[in-house]
Amino acid sequence: MAEETKKVKSVDAASNTMLEKAEKEGISTIFDRADKMKACNIGEQGTCCKICAQGPCRLPLPKKGIEGEDTRVGLCGATPNTIAARNFARMVAAGSASHSDHGRAVAEVFLATARGEAKDFKIQDTKKMVAVAKDFGVAVTVGEGDDEKPRDMTEIAIELGEKALAQWGQQEGEVPLAKRAPKARYDLWKKLDVIPRGIDREVVELMHRTHMGVDQDYENIILQSTRAALADGWAGAMTSTELQDILFGSPVPVHGEINLGVLKDDEVNIIVHGHEPLLSEMLVVASRTPEMQELAKAKGAKGINLAGMCCTANEILMRHGMPIAGNYLQQELAIITGAVDAMVVDVQCIMENIANVAKCYHTKVITTNVRAKMEEPNVVHVQFDEHHALDNAKQIVTEAIDNYKNRRSEVLIPDEKATMVAGFTLESIEYHLGGSFRGTYFTLNDNIINGRIRGIAGVVGCNNARTSHDSSHLVLVKELLKNDVIVLTTGCNAMACGKAGLLTPEAAKEFCGPGLKEICETVGIPPVLHLGSCVDNSRILTAATAVVNAGGLGNDISDLPAAGAAPEWMSEKAIAIGQYFVASGVYTLFGVGLPVTGAPVFQDYLFNKIEDTFGGKWDVSDDPMVIAQKMIDHIDKKRKELGIDKARERVLFDMEARRQIDEDVA
Ligand code: CUV
């Protein structure tokens, strides 16, 4: 662990205030437990095999390292490479399943809405629906020639919903959105036979292949991991993003506020935490109804303050400008303020300990999804059902309002909150950076070619209690900006950036190198573009494809001066995301550590050899400065391969020279 990232628990002042309060009040948080409990050395290396009952077989690296031949094997003979590859593959399977099951829920609600069965939902973005329908092979017109006219929107919606949902159970052929990839990438996948046939099928097959005694070739295991990961990025997650945009409205740049300081002393504070925006969208609607507002006032509160946490927060921020209370490591801390009247959760990234922390305060924890219940007696379950969505949401809001009077312990809301601009999408980046004339990514490419923008980074992913909260995120992103690398962000990285003021146009002046600063100031955008939640990493894939298609920067995503990172990752979803980025041609760096170090041959495959196949590869460092340097080196290498490295050196020339560059590329 890099020393500077270990020193403090968090670099976020609001979080540290809450950690002090927790200590004073004797509350245990994940920050304390991370100090007390060391990670298992063998699991950390990826070489603990527990897929059958003859083990767990433990194959740690010998203290002295491997001398001569590596003779370590489990009872069945499985080598460290097979074991680490299987463990890695199972993380991909779980991650892909999680995003995709989220996507399935969205597709089901979308279809129910299209059929008029979910009366509280309404399709918001029909323009996008028509565009997406085409990608799914849904006819958007009827008649031919002069008689051709637009097809009925309800018909389009129903067929789109059916086709989208069919991807999960599909057994053969291809998932439709794989075709969105650049042609060279699609052809490569086709040649390698890794295009997902159907979403569930690839996850099931990966679980089968990693059962005891099945696939024993780590490269072959990674091929199927790739197919399952692509079923996430280019199918399950991408479908989530698209249908959520259609159903709830495509985000446009919007102002918002972030950090625990968004909680209000004199209002009913409801935190919605988790991932699927189905529930949170309805909570937004319910909390704004006069009925609920009046009820809150009748109970002595000035109003209702709905704030998000984790990726659900990104969803309601992007579409409604709702405030964000914090990222993953702040969920216990929010309750410790004593001001949260209800924490409403659905699926993913919900720490079991919030129920324990809630016992020490008045906070009501409300589970809402049959797939994610909590056993603790102080947790209430209100099942959310799309057919009665608004009623369910009102019931939840009422629970929170009724709980307002029960605030007991000392309430301490930290002052910290930052403003930010979020809500960027493939479409809105095109609008801001593409130029209204061409309406493509041409201007962005132009500025990459002329060197004002050195390259593109996707920095995403979780917080991890084994590192200093938010520290690696911020060190990495700031270093990239200083070097004129524009950053696309999602998930908990986006929130770390938001809290630190990086998601404002003004940040360009303070943090960017001269080229990127000039672009951001001219266009009026932040240097870090917030694209949404984890499923919205699919927006990074489609944006990268749009950059390829705009021309001048190669034929494939792997040709771009671009790289990806998840410096504080922790969830299995992150591994699925990492693998689909690698398989899409992206150099992808993770912080914290990857559980592959105990299998040096397999590790070398992921970190080096896999690049020959996919043009992308994995890498790891627990030092964000090292990650930044490696990303920049990679970007420079790609610039050189594209023959645009010279332009980069000219960027600091005077105006005359700059004009010359413009003329050169025009
Ligand atoms: Ni889906 S997956 S901790 S909330 S980004 Fe945040 Fe984002 Fe990781 Fe979870």
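Atoms within a ligand are numbered from 1 in the order they appear, just like the ligands themselves. Side chains are part of it too, since the values below use all heavy atoms of this structure and drop only hydrogens, waters and symmetry mates.
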Please lay out, stage by stage, how K499 and Q330 fare under the test side-chain hydrogen bond (donor to acceptor under 3.5 Å, both in side chains). CA-CA 12 Å; K499 285 183 278 175; Q330 291 178 283; 2.8 Å; yes
Tally, protein N/O/S atoms nearer to atom 8 (Fe) of ligand 1 than 2.8 Å: 1
Quick one: is the NZ or CZ of K9 closer than 6.0 Å to the six-membered ring centre of F31, and within 45° of its axis? no
Of all the atoms in ligand 1, which lie at a distance below 4.0 Å from a heavy atom belonging to H275? 1 (Ni), 4 (S), 7 (Fe), 9 (Fe)
Any salt bridge linking D101 with R371? Criterion: basic side-chain nitrogen under 4.0 Å from a carboxylate oxygen. yes
F424 ring center near H530 ring center (under 6.0 Å): no
Can any side-chain N or O of T504 pair as donor or acceptor with the backbone N or O of A507 at less than 3.5 Å? yes
Pair N463-E568, side-chain hydrogen bond (donor to acceptor under 3.5 Å, both in side chains): steps then yes or no: CA-CA 5 Å; N463 291 140; E568 299 182 23; 3.2 Å; yes
